[in-house]
Number of protein chains: 2
Amino acid sequence: MSPLVKIRSERDRMSAVERRVGDFILENAQLLRDYSSQQLANALGISQSSVVKFTQKLGYKGYPDLKYSVGEAIARADNGDAPEAAPAAGGPGESPAENLWRRKSEAEEATRLINPPKAIRAVARAIDQAGRDGKVFIIGLGEDDIYARNFALRLSLLGILTVHDFDTARMTANASAAGAGDVLLVFSEHGNHPALCKISRYFRERRGKLISVTRHTPNPLRTLADLALVVSAHDELPYIQPLLYQSALQHLLDGVFVLLCEGHDSRGATLLANLERIQLMLEP
Amino acid sequence: MSPLVKIRSERDRMSAVERRVGDFILENAQLLRDYSSQQLANALGISQSSVVKFTQKLGYKGYPDLKYSVGEAIARADNGDAPEAAPAAGGPGESPAENLWRRKSEAEEATRLINPPKAIRAVARAIDQAGRDGKVFIIGLGEDDIYARNFALRLSLLGILTVHDFDTARMTANASAAGAGDVLLVFSEHGNHPALCKISRYFRERRGKLISVTRHTPNPLRTLADLALVVSAHDELPYIQPLLYQSALQHLLDGVFVLLCEGHDSRGATLLANLERIQLMLEP
DNA sequence: AGTACAAAGAATAAATTATTGACGCTGCCT
DNA sequence: AGGCAGCGTCAATAATTTATTCTTTGTACT
């Protein structure tokens with residue numbers, strides 16, 4: 001039980017000196033942090049031993065024990081978010097860094113909301129499957145290439161064969177090698193690049209599984225896809241929005257990645273081995 | 001600032017004994033309540049004075065001060081209401097997604113802690129300057145290439161001329177074209193790739209400004225650099241740690257990027273124009 | 001090799017905390 | 001009224017805990 005509540009409840013049964021101690025703590029709980037039992041006694045003009053006895057009567061082992069509990073109580077009272085609650089929605093005192101962080105969190109949460117765990121698991125399963133009996137194709141253009149490249153690297157570290165392209169010509173060529181059991185991951189923020197759509201359609205004709213990663217808008221690519229991951233990220237500032245998009249997308253992909261890792265021990269082992277090998281190569 | 005986060009953020013820089021103390025506290029924070037500094041020392045088989053020094057290095061007045069802060073942190077963590085129902089951080093009731101999100105936040109916060117705003121501003125200024133009267137060279141190998149590439153793209157969108165390489169040969173060649181007023185951004189998680197160090201040294205000889213982006217460890221690259229950005233991210237799971245690293249690093253770079261954008265209206269205009277042009281190109 | 005420096009521990013000083021015993025007060029019983 | 005039991009307070013002091021100093025050890029850098 002909170003020491004503050006305890007003090008209040010016992011207050012009536014206390015002696016005069018004890019009551020003074022109790023009242024002081026109730027009113028100056030936050031000061032207690034820097035008070036020794038002696039200082040507290042001085043502040044009240046009483047003896048140090050009275051302070052200690054007070055704490056013991058309340059059931060604590062001694063003064064430091066009570067002090068610790070009061071600290072907990074205070075921390076619990078201002079429910080942790082004091083630093084966050086104050087500069088809440090775009091307050092003026094908010095630093096740019098904190099603001100950015102908050103916006104990112106919002107985007108990530110929004111994105112998490114529109115991608116049910118079921119969908120994410122389905123994507124992970126599909127990729128896992130393709131990693132066993134097939135290939136994983138990945139494509140993204142422009143900025144999307146960055147995300148595609150990133151994810152492709154992660155997958156190869158897991159021992160999943162990935163074919164990563166960043167132009168439509170090559171991917172068109174590669175796609176002709178695709179068949180059932182393969183997966184194509186298309187990264188396209190707006191989901192309406194004609195060439196990508198064309199490739200996607202072609203890929204589906206060859207009975208491959210299509211996974212799209214786009215904004216949460218109605219768009220042709222997403223419509224084509226067997227499985228669709230969608231991202232939500234908005235900001236009025238043109239230089240902020242891409243950051244949010246990336247963050248939310250990254251978080252989404254990380255979720256898939258973790259599922260892949262946790263699915264099978266063998267994957268984890270492969271990853272570890274690969275990481276070590278790379279480490280060695282980079283630090284001779 | 002939560003002592004637990006602080007410990008995590010400093011972990012890289014700690015000596016072996018200090019790290020043991022830190023890890024013990026991170027793992028047994030709730031036990032600390034009943035431990036004196038001597039008992040803690042015994043539990044770890046080290047001297048009591050080492051424990052005290054540990055607390056002081058972290059910026060606390062002494063052991064009791066740290067202990068009090070840890071108490072607060074724990075109290076804040078289990079949000080006051082459900083004392084036992086919701087077990088502390090990392091409990092089994094927590095979904096993987098939420099857990100990952102929390103770990104990321106911690107890494108980002110720790111990273112923010114160890115990079116003072118002043119340092120970030122200095123980096124932004126240096127890049128901005130180079131964007132006007134010079135060139136910005138960027139290099140990263142392996143996974144670091146992803147981050148380097150990402151940032152390079154962002155810079156070019158801002159109208160800053162960037163030379164991005166992902167192998168040492170090319171960069172070596174390019175570096176010979178460097179001079180005063182130029183900036184080299186080196187991405188290297190562990191900061192001890194010999195070739196990168198060599199290039200960096202060479203670049204500095206040519207009077208260019210060197211900016212390193214590494215883990216928060218003492219490492220050669222960071223030592224060489226005029227300006228150093230550092231990242232803190234840890235997890236016992238080998239497949240989680242890279243995600244945290246990336247997240248924290250990304251957040252750091254985003255901070256720089258935002259500063260660059262906000263510094264001058266002209267940059268914002270360039271960005272806008274570029275985004276539009278790209279948009280058109282991708283969606284004819 | 002030699003020096004400089006940092007880190008850890010042992011010893012010890014300082015501080016804080018807990019206990020003891022003395023003193024005084026109040027209330028109550030004879 | 002006198003005396004005594006019980007409680008509360010405090011000063012003194014014992015015990016514990018914490019902080020500092022100093023020495024040793026190991027390590028990195030000439």
Side-chain angles (χ1 to χ4, degrees), chain A residues 3 7 10-25 28-29 31-72 283, chain B residues 3 7 10-25 28 31-72 190-192 194 197-198 201 216-224:
Chain A
I7 290 173
E10 294 286 335
R11 209 188 98 98
D12 289 333
R13 266 171 286 204
M14 291 178 182
S15 72
V17 168
E18 285 170 343
R19 192 150 32 219
R20 280 172 62 204
V21 178
D23 289 347
F24 183 92
I25 293 177
N28 307 67
L31 291 189
L32 215 63
R33 169 166 203 152
D34 306 304
Y35 273 42
S36 68
S37 62
Q38 182 67 68
Q39 286 174 297
L40 176 52
N42 291 343
L44 292 167
I46 62 175
S47 75
Q48 180 257 348
S49 58
S50 294
V51 173
V52 174
K53 287 186 99 181
F54 171 86
T55 66
Q56 292 173 330
K57 255 193 188 170
L58 276 170
Y60 295 95
K61 258 174 53 184
Y63 177 75
D65 193 20
L66 168 71
K67 186 161 151 179
Y68 189 96
S69 291
V70 170
E72 285 180 321
E283 298 170 26
Chain B
I7 290 172
E10 294 290 336
R11 210 188 100 97
D12 281 329
R13 284 221 267 206
M14 292 179 183
S15 68
V17 168
E18 285 169 342
R19 189 146 40 221
R20 279 173 61 207
V21 178
D23 289 347
F24 183 92
I25 293 177
N28 308 69
L31 291 189
L32 215 62
R33 171 170 200 146
D34 307 304
Y35 273 44
S36 68
S37 63
Q38 180 68 254
Q39 285 173 299
L40 176 53
N42 291 343
L44 292 167
I46 62 175
S47 74
Q48 179 257 344
S49 57
S50 293
V51 173
V52 173
K53 285 195 189 126
F54 172 86
T55 65
Q56 292 172 332
K57 256 195 190 171
L58 277 171
Y60 295 93
K61 260 174 51 185
Y63 177 76
D65 193 19
L66 168 72
K67 185 161 152 180
Y68 190 96
S69 291
V70 170
E72 286 180 320
H190 299 99
N192 49 11
C197 288
K198 206 174 276 181
R201 248 189 299 269
H216 184 217
T217 48
N219 63 66
L221 209 57
R222 181 183 173 183
T223 313
L224 276 172

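So you know, we letter chains A, B, ... as the sequences are listed, proteins then strands, and number each from 1.
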How close or far is atom [atom2] of [N] from atom [atom1] of [X], stated in whole angstroms?
X	N	atom1	atom2	result
A:L40	D:dC10	CG	P	12 Å
B:N42	D:dT17	CG	P	11 Å
B:M14	C:dA6	CE	P	18 Å
B:Q38	C:dT12	CD	P	15 Å
B:I46	D:dT18	CD1	P	14 Å

**Asked** Are OP1 or OP2 of C:dA8 and a side-chain N or O of B:S15 less than 4.0 angstrom apart?
**Response** yes
**Item:** Nearest-nucleotide pick for B:S37, side chain only, options being D:dA11, C:dT16, D:dT18
**Value:** D:dT18
**Request:** Consider the side chain of B:Y63, meaning its heavy atoms from C-beta on, and name the nucleotide among C:dA18, D:dT18, C:dG9 that approaches it most closely.
**Result:** D:dT18
Could you pull out the protein-nucleic contacts involving nucleotides 28-30 of chain D (nitrogen or oxygen on both sides, under 3.5 Å)?
none

Polar pairs (N or O, both sides) under 3.5 Å between protein and nucleotides 25-28 of chain C?
none

**Request:** Return the set of residues passing side-chain hydrogen bond (donor to acceptor under 3.5 Å, both in side chains) with B:K57 (not counting sequence neighbours), or none when no residue passes.
**Result:** B:E18
**Complete:** Ordered by number, residues from residues 50-62 of chain B within less than 4.0 Å of DNA chain C (heavy atoms) are B:S50, B:K53, B:K57
**Message:** Using a 4.0 Å cut-off on heavy atoms, which residues in residues 64-71 of chain B reach DNA chain D? List them by number, or say none.
**Reply:** B:P64
**Any side-chain heavy-atom pair of B:N42 and B:Y35 under 4.5 Å** = no
**B:L224 vs B:R201 side-chain heavy atoms within contact, under 4.5 Å** = yes
**Request:** Between B:Q48 and B:E18, just flag the one whose closest nucleotide in DNA chain C comes earlier from the 5' side.
**Result:** B:E18
**Asked** How large an angle, rounded to 10°, do the end axes of the helix from C:dA1-D:dT30 to C:dT30-D:dA1 enclose when each is built from five base pairs?
**Response** 10°
**Message:** Less than 4.0 angstrom from a charged side-chain N to a carboxylate O is my criterion; do B:D12 and B:R19 meet it?
**Reply:** no
**Asked** Is B:S36 touching bases, backbone alone, or none of the nucleic acid, heavy atoms closer than 4.0 Å?
**Response** sugar-phosphate
